[in-house]
Amino acid sequence: MDRQLEHFDISLVIFDLATIGSSLLMDKLAQRVSPKPLLALIREGTAEQLVAALRSGADDVYVSGELDLHPELFVRSVERQLRRARYIEEVHSLRDSLERSLDELREDQHAAQQVQQNLLPPPHQRINGIDFDYCLKPSLLLSGDFVDALAINDELSLFYLADVSGHGTSSALVTVLLKNMTHRLLRNYRRNSSFDILSPSDTLHRINKELLLTSLGKHLTMFVGLVDHQKNTLRYAVGGHHPLPVLQQAGEVRYLEGRGMPLGLFESPVFDECELPLADNFVLTLFSDGILEVLAGDSLVDKEQKLLQLCRDNMGSPAVFLQSMMPAERVHPDDVAIMTVRRESI
């Protein structure tokens, strides 16, 4: 019987217990076609036979000897069970379609993840005598956090950390655009067609303008730093980013100062551009705001002080620091990125 059922799409089974008389066979058949319905015909309408048929998997029961008396009742029951079978088949079809769509979505997201990872810089790189290290842990498969560091020339190095609003694919798409924008600014500089990249605030204004033109409805916060190796200074601008980076040099550990608006919200945002001297040895640590979600503390002030203390205690590499705060099994609600900019004289 199983071999026969494999060759047919069964919507409804009518089992004649009055003729076959095997409730075990009907029970096996009911399990085989479940959740499709099964109607049972019994010899006599006794309570014992009714209960036995129902326990064997029947969805409805009729006495075979009474079919001639009330055939319309049986016909209505068959129609009702066929409608139920159709609904079951539609649900199965929708479920299969949904599973196929989810499989395609997972494949697309894995492909997008690969693209995003290829756009990120190496976890460690040395540019113009300065070490740039980062660690990025997305809350989902794709990340709305992004970092980059690049040499403009032998005297200038640019770096940034950006945090796009939201999570997932749409936020990751903005990071791809961001990578393209900054590298286009670098190409324009080298072609002498634009010098926006020489100013952190001009860089933020340019990104803000192009982000508004995309009409994606996304905004981001961003910190952009520019190291002048000849003057030994850091110029930077803040685009609504929090927490501010932590600077360690000359025995002092402090947050940088500066204010600015997020990018992608306003036509004419305002960004402070600040400049400060750099010591021969310094460490600048940048965080996305996801770090505040995993820090212990009753208030934002407590968390900021905790972060400052962790930097003061020489937290080590970004990956080690993040792992100490976020074990692999811990669930985190937001993307987290840490980037260090370090120079140590020998």
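Residues take their numbers from the sequence shown, with the count starting at 1. Bear in mind the structure is a predicted one, so any value in this text is a computation, not a measurement.
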In Å and rounded to the nearest 0.5 Å, what is the [atom1] to [atom2] distance from [X] to [Y]?
{"X": "Leu41", "Y": "Tyr62", "atom1": "CG", "atom2": "OH", "result": "10.0 Å"}
{"X": "Phe266", "Y": "Ser268", "atom1": "CZ", "atom2": "OG", "result": "11.0 Å"}
{"X": "Asp196", "Y": "Ile207", "atom1": "CG", "atom2": "CD1", "result": "10.0 Å"}
{"X": "Tyr134", "Y": "Leu322", "atom1": "OH", "atom2": "CG", "result": "13.0 Å"}
{"X": "Cys311", "Y": "Tyr255", "atom1": "SG", "atom2": "OH", "result": "7.0 Å"}
{"X": "Thr203", "Y": "Leu158", "atom1": "OG1", "atom2": "CG", "result": "6.0 Å"}

Working note: Arg184 + Glu210, criterion salt bridge (charged side-chain N to carboxylate O under 4.0 Å, His left out); need CA distance, chi angles, decisive distance, verdict.
CA-CA 12 Å; Arg184 182 151 35 88; Glu210 297 200 22; 2.7 Å; yes
Side chain to side chain, [X] and [Y], heavy atoms closer than 4.5 Å:
{"X": "Val283", "Y": "Thr285", "value": "yes"}
{"X": "Leu120", "Y": "Phe146", "value": "yes"}
{"X": "Val238", "Y": "Asp272", "value": "no"}
{"X": "Leu161", "Y": "Ser288", "value": "yes"}
{"X": "Leu234", "Y": "Leu284", "value": "yes"}
{"X": "His242", "Y": "Leu292", "value": "yes"}
{"X": "Asp27", "Y": "Gln31", "value": "yes"}
{"X": "Phe15", "Y": "Leu39", "value": "no"}

Taking [X] for the side chain and [Y] for the main chain, is one N or O donor matched with an acceptor at less than 3.5 Å?
{"X": "Arg206", "Y": "Ser201", "value": "no"}
{"X": "Asn208", "Y": "Gly264", "value": "yes"}
{"X": "Asp163", "Y": "Phe287", "value": "no"}
{"X": "Ser165", "Y": "His219", "value": "yes"}
{"X": "Gln49", "Y": "Glu44", "value": "yes"}
{"X": "Tyr160", "Y": "Pro200", "value": "no"}
{"X": "Gln249", "Y": "Ala279", "value": "yes"}
{"X": "Gln248", "Y": "Phe282", "value": "no"}

To check you understand the geometry: which heavy-atom pair defines the closest contact between [X] and [Y], and what is its length?
{"X": "Pro37", "Y": "Asp59", "answer": "CA-OD2, 3.2 Å"}
{"X": "Ala30", "Y": "Ser56", "answer": "CB-O, 3.7 Å"}
{"X": "Leu204", "Y": "Ala237", "answer": "CD1-CB, 3.6 Å"}
{"X": "Val78", "Y": "Ile14", "answer": "CG2-CD1, 4.4 Å"}
{"X": "Ile127", "Y": "His229", "answer": "O-CE1, 4.3 Å"}
{"X": "Arg190", "Y": "Ala151", "answer": "NH2-O, 3.0 Å"}

How about [atom1] on [X], more than 12 heavy atoms from neighbouring residues, nucleotides or ligands closer than 6.0 Å, or not?
{"X": "Arg254", "atom1": "CZ", "answer": "yes"}
{"X": "Lys209", "atom1": "NZ", "answer": "no"}
{"X": "His183", "atom1": "NE2", "answer": "yes"}

Are any of the side-chain nitrogens in [X] or [Y] under 4.0 Å away from the carboxylate oxygens of its partner?
{"X": "Lys36", "Y": "Glu89", "result": "yes"}
{"X": "Glu72", "Y": "Arg76", "result": "no"}
{"X": "Asp298", "Y": "Lys303", "result": "no"}
{"X": "Arg95", "Y": "Glu90", "result": "no"}
{"X": "Arg80", "Y": "Asp60", "result": "yes"}
{"X": "Glu304", "Y": "Lys306", "result": "no"}

Under a single-linkage definition using a 4.5 Å side-chain heavy-atom cutoff for Ile, Leu, Val, Met, Phe, Trp and Tyr, are [X] and [Y] assigned to the same hydrophobic cluster?
{"X": "Ile10", "Y": "Met26", "value": "yes"}
{"X": "Leu177", "Y": "Leu213", "value": "no"}
{"X": "Leu263", "Y": "Leu265", "value": "no"}
{"X": "Leu185", "Y": "Tyr189", "value": "yes"}
{"X": "Leu244", "Y": "Leu278", "value": "yes"}

Could you walk me through whether Leu256 and Leu276 pass the side chain to side chain contact (heavy atoms under 4.5 Å, CB included) check?
CA-CA 10 Å; Leu256 296 184; Leu276 56 85; 3.6 Å; yes
Side-chain donor/acceptor pairs under 3.5 Å, residues 220-228, sequence neighbours excluded:
unit_1 : atom_1 : unit_2 : atom_2 : d
Thr221 : OG1    : His241 : ND1    : 3.1
Asp228 : OD1    : Gln230 : N      : 3.0
Asp228 : OD1    : Lys231 : N      : 2.9

Please test Leu310 against Leu295 for side chain to side chain contact (heavy atoms under 4.5 Å, CB included), starting from the C-alpha separation and ending with a verdict.
CA-CA 10 Å; Leu310 289 169; Leu295 274 173; 3.8 Å; yes
Please confirm whether the ring centroid of Phe271 lies under 6.0 Å from the ring centroid of His205.
yes
When Asp131 is tested against each of Arg126, Arg343, Arg342 for side-chain hydrogen bond (donor to acceptor under 3.5 Å, both in side chains), which residue passes?
Arg126
Determine the interplanar angle of the Phe159 and Phe132 rings, folded into 0 to 90°, and report it as parallel if under 30°, tilted if 30 to 60°, perpendicular if over 60°.
tilted
Side chain to side chain contact (heavy atoms under 4.5 Å, CB included) for Arg32 and Lys28? Distances and angles first, verdict last.
CA-CA 6 Å; Arg32 177 67 176 79; Lys28 182 179 179 181; 5.7 Å; no
Checking Val164 against Asp145 for the side chain to side chain contact (heavy atoms under 4.5 Å, CB included) test, could you report, in this order, the C-alpha distance in whole Å, the side-chain angles of both residues, the deciding distance, and whether it holds?
CA-CA 6 Å; Val164 182; Asp145 290 353; over 6 Å; no
Answer with yes or no whether the side chains of Asp133 and Ser317 bring together a donor and an acceptor at under 3.5 Å.
no
